[in-house]
Structures are given as structure tokens and as C-alpha cells.
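Chain letters run A, B, ... following the sequence lines, proteins first, then strands; residues in each count from 1. The structure displayed is predicted, hence computed values, not measured ones.
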Amino acid sequence: MSATTSEGEMAGPKRDPQVADMLSRRRQRSNWIVKALCILATTIGLAFLALILVTLFWLGFGGLQWTVFTEATKPPGSHGGLINAIVGSLIQTAIGTAVGTPIGIMVGVYLAEYSLGTRLGNAVRFVSDVLLSAPSILIGLFIYQVLVNPFDGFSGIAGGLALAVIVIPIVVRTTEDMLRLIPVALREAAVALGAPKWKSIVLVCLRAALDGIATGVLLAVARIAGETAPLLFTSLGNLNWSLSLAQPMSSLPVTIYQYAGSAFEDWVQLAWVGALLITLGVLALNIVARVLLRPRA
Amino acid sequence: MKTLSLALVAMLAAAGPVAAQQITGAGATFPAPVYAKWGEAAKAAVGIELNYQAIGSGGGQNQIFNRTVDFGASDAPVDGAKLAEQKLLQFPAVMGAVVPIVNIPGVELNKLKLTGEILAEIYAGKITKWNDAKITAINAGLALPALAIAPVYRADGSGTTFVFTSYLSAANAEWKAGVGAAASVKWPAGNGAKGNDGIAATVKQVKGAIGYVENAYATQNKLISTQLKNKAGHFVEPTLAAFSSAAASGDWTKAQNYAVDLIDTAGATSWPIVSATFILLPKDPKDAARSAAVMKFFDWAYTNGGKIASDLEYIALPKPVQDAVRASWKSEIKG
């Protein structure tokens, strides 16, 4: 290839065609090796993901029956379902979201709009970030110490509040980040029209950042829907159908935790079905979040 | 006394089938299958919904000390001083057995014969091969390979461990002096696994492994259990009849707080590792109606739950013990 290029036509340093050829081949070889390694790494990663999903779908759909949605959990061999766990999960996730979201948004607004450069603002942001990465089992223990132990024992409301504590820092972070993205010109325009600060925040900034904040909330919901650790010491679990917030309450992750390791085949089967339901639910939430985040035409 | 029981009856009536009364208990994993079945049947019969969470004996004791549940459950009895300090009444609910399980190629269900002595030496790390002379001597006709023994024990605090180490202590003086009996001990040899399920899974996977589980977990997981030599010198298989025989020979009259000793009892057909499992109920309940519902539940289980228990290979309590417990409820629990 390089033989066709005559030396006289090239400006710049002299090229030895043999060296160039060797260099080119070496580069191509290393390129090929790195590419192969990348493909291998991707394949390994995807293979595990595919294996997990295939196993989950295979075993989960295998046990999926109508009774899963009509019966409460029952002793081994009694053909129980998961309806109390499904509904318990929905209730506690709803409480967690309903309590955590407003607090999170308000803290996020404070951080983005009111606290620039203040010591309190930095402290709140630091604490919120620490809370974001705190192991969720600690949050469960915290609620156990302040709510479960001193008061009337395990309850659905305690489980919901533990989840709310997880929601707050996630929503704080997304709200602050999204508000920071709003251009200053927009705020100036609102002020120029005579709007007080609170009005410019509520009617202009929050509205403009709504998609991003909604995505953050959905991701927080997806996160708490699969949490086991904070519920173990707070809502404990309930074998029976119960909607009472003052009583121990069942949930899908805790039921999976108990059933997956049990000695009974029908319980293990139900654990797979529960895992499938959570996966599908979280997958749906993630898709909705992605659609929301997509810029509107 | 009479007014008290009248009040009790009135409360029980108030919590009748019309409004299902929920009660929450937590603790031992051992009786969890039978409590769950009792709960299902009692809901239909007396309108009490039992929510029993199997978090382990240690956890059950802690939660009832903290009064976060209506009752606690533990395989290992709580000692009298602690019961008094925590104002708890301890009573037995049902009895069951612990069985050794093994994974040796070529060894089938209940074929291998073991003794307490040998088990103690295996767990002490003194017998390390399955073809050790001490094992082959009592297993003539069984081809045992020159395979290393891998003892598996409970890594978590466990009532099953308490029962099993009590047996090893009874069978082997050296074990008693060196390691002793407790819910968690310093094991001289082997590897830990969490929960009955953890032991079952490990023994299933590891060739040469030996473990100990509550009988229901062995039968449900189709694990290879062994014969054991009892006090009378006979080798017995782990069957409900052998468990019942051991349970029948327990001397309840001497037991403090019903902490009866059913380990290595006399009796030609008795299984040597049998234990009662206990309920811990506050003597000063926060909510008298729920406490009454707990007593009503176990009263129902004593009277009607025997069949359910024996189907799952648990042993119901003898009638005199049930009556003694009923009397304790009346005299010791504040209504």
C-alpha cells in the first residue's frame, strides 16, 4: 500500500514505508485487541442481565396464576397468593411518596432559590447527600428506635415513613438540580412583570422544571418499591389481609425475602412471582420516567 | 379469681368472629410452619388472625422484651430471673425434633448410624474422615468413602443450635466442658450458615457435609437424615413415633417455667434430640384484649391443633401440661 506513495511528493518528515506499515499494523492489532476486550466485557455484562431476566421470567411466569392476585399469603401447601403483599407494598410506597415528595421539593426549592452561599444551605445539602447514600437498613433501624419501639409496635405507617425518609434526599437532589437548570433570564422576566419571588418560583421555575422533578419522584418510587431493609424493622410483615395502618403490614420485598429462602416449594415459587411483579413495576416506572424526561417537540 | 375469668370470657366474646382480632407474634423459625397452619385454621374457627413472623429465637425474645409484638417465641427457654425481670410468662406451644443431615455419595435416607459421641467428635474436629474407624465400626455393611467431613453449623443465634449443643453436651463430657450448650457457641470446627435453610442448602451442595436442622426442614428439602443411638442403646430413625416417644418421657413436673428437658430421654424407641418450643407472653399486657386473644388462640390450638401438628411431624403437648398452662394464664396474666 505504502509503496505507491513516492517520497518526493510528501512534505514534512521522511517516511519509511516499512516502519509506517509496521506501526499501522501494530495500531490495528492493539485496536483489534481492545475492541475484542470491550465486546467481551459488554457480552459478559449483558449475558448476566439476560440470564437474570430469563430466569426471572421463566420462574416468575411459571407460577403466575389468578390466585396470586386474589388470595392472601397462606401457610405452605395451602395455595396462597400475594394480594396482601401487593396491596401492602402499594400502600407503603404511596405513604412514602406522599410524605417524602412535598418535603423533598420544598427543601430542594430552598437549596436552589434561597440558600445560595449560606452556611445553612451548604449544611442541608451535605446532610441530604449523606442521607442519599446511607444504607437503607440504618433508616429502618432509625424508624424502629423512634416510632416502633416507644409506641405501639410494628405498623404499616412506620414502614411508609421509613420509605419517606429514603424518598426525601432523592427528591431534594433532583429538584435542586432541575431548578438550577432554569435560566436566570426566565426569573428576571417574571420579576420584570412584577411577580414576587414566591410567585416566580411556583408559577415559573417549578412549572418549567416539572418534568425533571416528576422524573426524580418516579425514580424515587422505583427505588422504594424494591426496598426490603427499611421495612424489616418497621412494618414487619403480615400473613393476613390487613389494611390497618396501625397493624404490621405485608410487602412484596419482605415476602420475597422470607419465601425465597424457605424450605417449601410453593413459597419459593411465589417469591419468584413477587420478584417478577416488582421488576415489571419498576421497569414500567423507568419507562414512564424516560418518556417524561424526553424534550417535548 | 372468678370475676377475672368472667372478665376474660367477656373479652374473648367481644373479640369473637364478628370482628377478627389480629395478633402479632415473632420469633423461632422452628415452629413457624405449624403456627402458620394453626393460624389459618383458627381464623375460620375462632376469628383470630395470627400474624407470626419467623425472625429467629433471639429476635423473638428481643421484640417481646421491647413489647413491639403481642407475644414472642423461642426454642431456647428464657431463664427464670430474666422472665421475672421482663415480667413474662413462658409456656410451651408444641414439641419437635432436630435431626442430623449428611451428604455422602452412596449413603441413603436413614441408613447411616451415628451416636452423640461421634457427632460431638465430628463437630470438635477430631473425626475428620467419613471412613474413620469409629464410624465404620457401627456401620457394618455401609460403604463409607475416604471423604473429608465438612461440619456445618448455624452462624446466627439459634434455638436449634441450643437444642443440638445441649444434646452434644449430654452425650460428650468433653464437649460440655469445652464448648457447652447455648444459642450460639464457639464451634471448634466447620463452617457457618444462616438459618435452617442455609444449613440445608450448604449440606445439599457440599459433598461430605454434615449439618443439623429441624425435622420439617429435612423432610421438606428431601435431605438425607441419619439414625441416632438413644439412651437405651438402640439406633432409631427420625420418625414421628420416635419423637412422640421422647416427648412422652419428659418430666414436666420438675420443669421450672415449663423449660422441660427432652434431650436424650430414656425410652427404648425415643429419638434423642427433641425439644419443646416456647411462647413468651407479657404478664402486664398493654392491650388486654390482644393478650386475651393470644391465650384464646393457644387454647384453641391445644384443643384442636393436634392433628395439624402431627401432620407436620410436630408433637402436641400432653393434656396435663396444657391444663397447667391454662391455669398459669388465669393466675399470672393481668386481664
Check your understanding: Are side-chain heavy atoms of B:T68 and A:Y144 found at a separation under 4.5 Å?
Key -> yes

Practice item. Measure distances from B:K37 to the heavy atoms of chain A and classify the residue's part below 4.5 Å as side chain, backbone, both or neither. Key: both

Point to revise | Residue pair A:L236 / B:Q63, side-chain heavy-atom distance below 4.5 Å | key: no

Review point. Roughly how far apart are A:Q145 CD and B:N66 CG, rounded to 0.5 Å?
Key: 7.5 Å

Review point. Do other residues, nucleotides or ligands put more than 12 heavy atoms under 6.0 Å from B:N191 CG?
Key: no

**Study point:** Exceeds 12 heavy-atom contacts within 6.0 angstrom, atom NZ of B:K87
**Key:** no

Check your understanding: What heavy-atom pair brings A:P75 and B:A36 nearest, and what distance separates the two atoms?
Key -> CG-O, 3.2 Å

Check your understanding: With respect to chain B, which residue among A:T73, A:N149, A:V148 yields the maximal number of heavy-atom pairs within a distance under 4.5 Å?
Key -> A:N149

Practice item. Indicate whether the side chain of B:Q22 and that of A:N238 have a donor and an acceptor atom separated by less than 3.5 Å. Key: yes

Exercise for review: Heavy-atom distances under 4.5 Å only: say whether B:E49 touches chain A with side chain, backbone, both or neither.
Suggested key: both

Point to revise | Part of B:L50 within contact of chain A (heavy atom distance under 4.5 Å) | key: backbone

Point to revise | Backbone N/O of A:L239 and side chain of B:N51: donor-acceptor pair under 3.5 Å | key: yes

Review point. Is the CZ atom of A:F142 crowded by more than 12 outside heavy atoms at less than 6.0 Å?
Key: no

Review point. Of the backbone (N, CA, C, O) and the side chain (C-beta and beyond), which part of A:Y257 lies under 4.5 Å from a heavy atom of chain B, both, or neither?
Key: side chain

Point to revise | Side chain, backbone, both or neither of A:S155 within contact of chain B (heavy atoms, under 4.5 Å) | key: neither

**Study point:** Rounded distance (nearest 0.5 Å) linking atom CD of B:Q53 with atom OG of A:S235
**Key:** 9.0 Å

